[in-house]
Amino acid sequence: MTLNLVSGRTLFRGAIWNLLGQSLPVVAAFLFVPLLVRGLGIERFGVLSLAWMLVGYFSLFDLGLGGALTRLVSDRLANRQDEEVPRLVWTALALTFPLGLVGGAILASLAPWLVGSVLRIPPEMQREALGLLRVLAVSLPVVTCTAALSGTLAAQQRFGLLNAIRIPMGIFTYGGPLLVLPFSQSLLPVVIVLASGRLLAGLAHLAACLWTLPGLRRGIRLDRRFVRPLASFGGWMTVTSVVGPLMVYLDRFLIGGVLSMAMVAYYTTPYDLTSRMWILCTPISSVLFPAFAACSRTEPARAARLFGWGLRAVAFLLFPAALLLASFAGEILQFWLGADFALHSAPVLRLLAAGMYINGLAMIALALVQASGRPDLGAKLHAAELPVYLLAVWLLIHGRGIEGAAIAWVGRVSVDAIALFLMAARRLPRGRTVLAQSALAVVGGAAVIALCALIPNLAARMVCAGVVLIGMATAGWRFAAGPGRLALAGREPAESGE
């Protein structure tokens, strides 16, 4: 069973499905966001951007049980303890639903304060924004249960089925509001449509789990023995899941409070664009997490090979996107959203592209650390970073506006990557080699991105980026044909010994 969960064919197929599940909604965003900006107006689109963020953040009220389920179910399947899986899943769902109710109640109670005091929402839009937040609050129990069901499918490496649900839902997130615009520009019907889509997605996840795990159909069976391991692992995952996104999203609230909602849009749009680079690394980290959980304890050498493959694969996939976004930020934004967006957002896009490259590589290290049974390490790291980061964001927003917020974010993810790679190296054989490979990928890649982005002449930038990408493509092909394929297959390359 372990071999099936970590076999090269399974991981490769899962990564491809995840790539489709991440990339197709991005295409929808690229096509639909300009229409939403024009149809809703910049202020309403800024509020809608915050609504998308709040759905993602408050869904973390599952308290890490989705990630805990992935690890615990993977471990049970790898060790042929299949009979425990249905009780494990139902127990987790029995915990996540009330947690979603609590999260919804908190969001509903905070809504008047957020709308009236925290955010600079124009008075004529405050009623819409308040209704929007209340609808989101009602939908949160469905969102938290969906996260647990998604973790169950991921533990089985059922990424094809999982993405058959995610792809339509991701497209609907951007396309759904467009269905409302011919009838109303109000945000309330927009969010009602989005909440209805999430309910359908939750039911689809439940049906998929009932199909892949026949034991779930025998009735709801709870087992209090699983509460402690779920709460223990999930609790530390929650700290990471809460503090991490808090550091991602609080800068937007600070921008909205200190500057304006228009500045939120100018910052959020390049951030959302660069965050789509994660479609090139999360497909890999997502399939590696259950694989690490299945083999890190019993087969550390195999885990080390998979870690090396994952790091190189993410670097080869992520680097070209980061290089192009950083090098041609102004041109891309002007073509996509016009000269005004390019003027305000191009410096932010350059910084965030380099930061996303660094952060994407660190995700492989975080997946290994968490899957090996130490989610507390990442949680403690993020908790220590939070106050320092918030102070830096506050000071830099006042000093340099939205560009200052981007500088603070890049600095934080750089520190985060250094610490996570040190933690990962301690959990693998030949840790020094792992650390050296990680440093080369992070520092070398970021330096080349910065070099190309700082060239003032457009033609020279195009030549620089072209030469680098050709060299990267050649190295990527050699890796895919040699060490990468062997690492996925679980064999050592004969000459390199990796």
Under 3.5 Å, is there a donor-acceptor pair between the side chain of [X] and the main chain of [Y]?
X: S285; Y: A367; result: no
X: S150; Y: T146; result: no
X: N359; Y: G355; result: no
X: R426; Y: L422; result: no
X: R312; Y: G308; result: yes
X: S139; Y: A195; result: no

Under a 4.5 Å cut-off applied to non-hydrogen side-chain atoms, are [X] and [Y] in contact?
X: V442; Y: L361; value: yes
X: I284; Y: L317; value: yes
X: R134; Y: V138; value: no

[X] side, atom [atom1]; [Y] side, atom [atom2] - distance, nearest 0.5 Å:
X: R127; Y: L132; atom1: CZ; atom2: CG; value: 14.0 Å
X: R350; Y: L325; atom1: CZ; atom2: CG; value: 11.5 Å
X: N163; Y: L24; atom1: CG; atom2: CG; value: 9.5 Å
X: T173; Y: M169; atom1: OG1; atom2: CE; value: 4.0 Å
X: E403; Y: S345; atom1: CD; atom2: OG; value: 11.0 Å
X: C145; Y: L93; atom1: SG; atom2: CG; value: 5.5 Å

(request) Taking all heavy atoms of P34 and all of A29, pick out the closest pair and write down the distance. (result)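 Looking at all heavy atoms of both residues, the closest pair is CD-O, 4.1 Å.
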(message) So which atom in C464 and which in I455 form the shortest heavy-atom distance, rounded to 0.1 Å?
(response)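 Smallest heavy-atom distance, with atoms named: CB-CD1, 3.8 Å.
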(message) For W409 together with Y271, are the ring centres under 6.0 Å from each other?
(response) yes
(request) Take I364 and L368, measure what side chain to side chain contact (heavy atoms under 4.5 Å, CB included) needs, and give me the verdict at the end. (result) CA-CA 6 Å; I364 303 299; L368 174 68; 6.0 Å; no
(message) Under a 4.0 Å threshold between the charged nitrogen and the carboxylate oxygen, would R461 count as salt-bridged to E331?
(response) yes
(request) Determine, step by step, whether F328 and L458 satisfy the side chain to side chain contact (heavy atoms under 4.5 Å, CB included) criterion, reporting the C-alpha distance in whole Å, the side-chain angles of both residues, the deciding distance to 0.1 Å, and the verdict. (result) CA-CA 8 Å; F328 308 106; L458 176 60; 3.9 Å; yes
(message) Checking R427 against R374 for the side chain to side chain contact (heavy atoms under 4.5 Å, CB included) test, could you report, in this order, the C-alpha distance in whole Å, the side-chain angles of both residues, the deciding distance, and whether it holds?
(response) CA-CA 10 Å; R427 271 151 187 83; R374 293 302 306 270; 3.5 Å; yes
(message) Assess the residue pair L162 and L153 against the criterion (side chain to side chain contact (heavy atoms under 4.5 Å, CB included)); give the C-alpha distance rounded to whole Å, side-chain angles, the decisive distance to 0.1 Å, and a yes or no.
(response) CA-CA 7 Å; L162 185 58; L153 293 172; 3.7 Å; yes
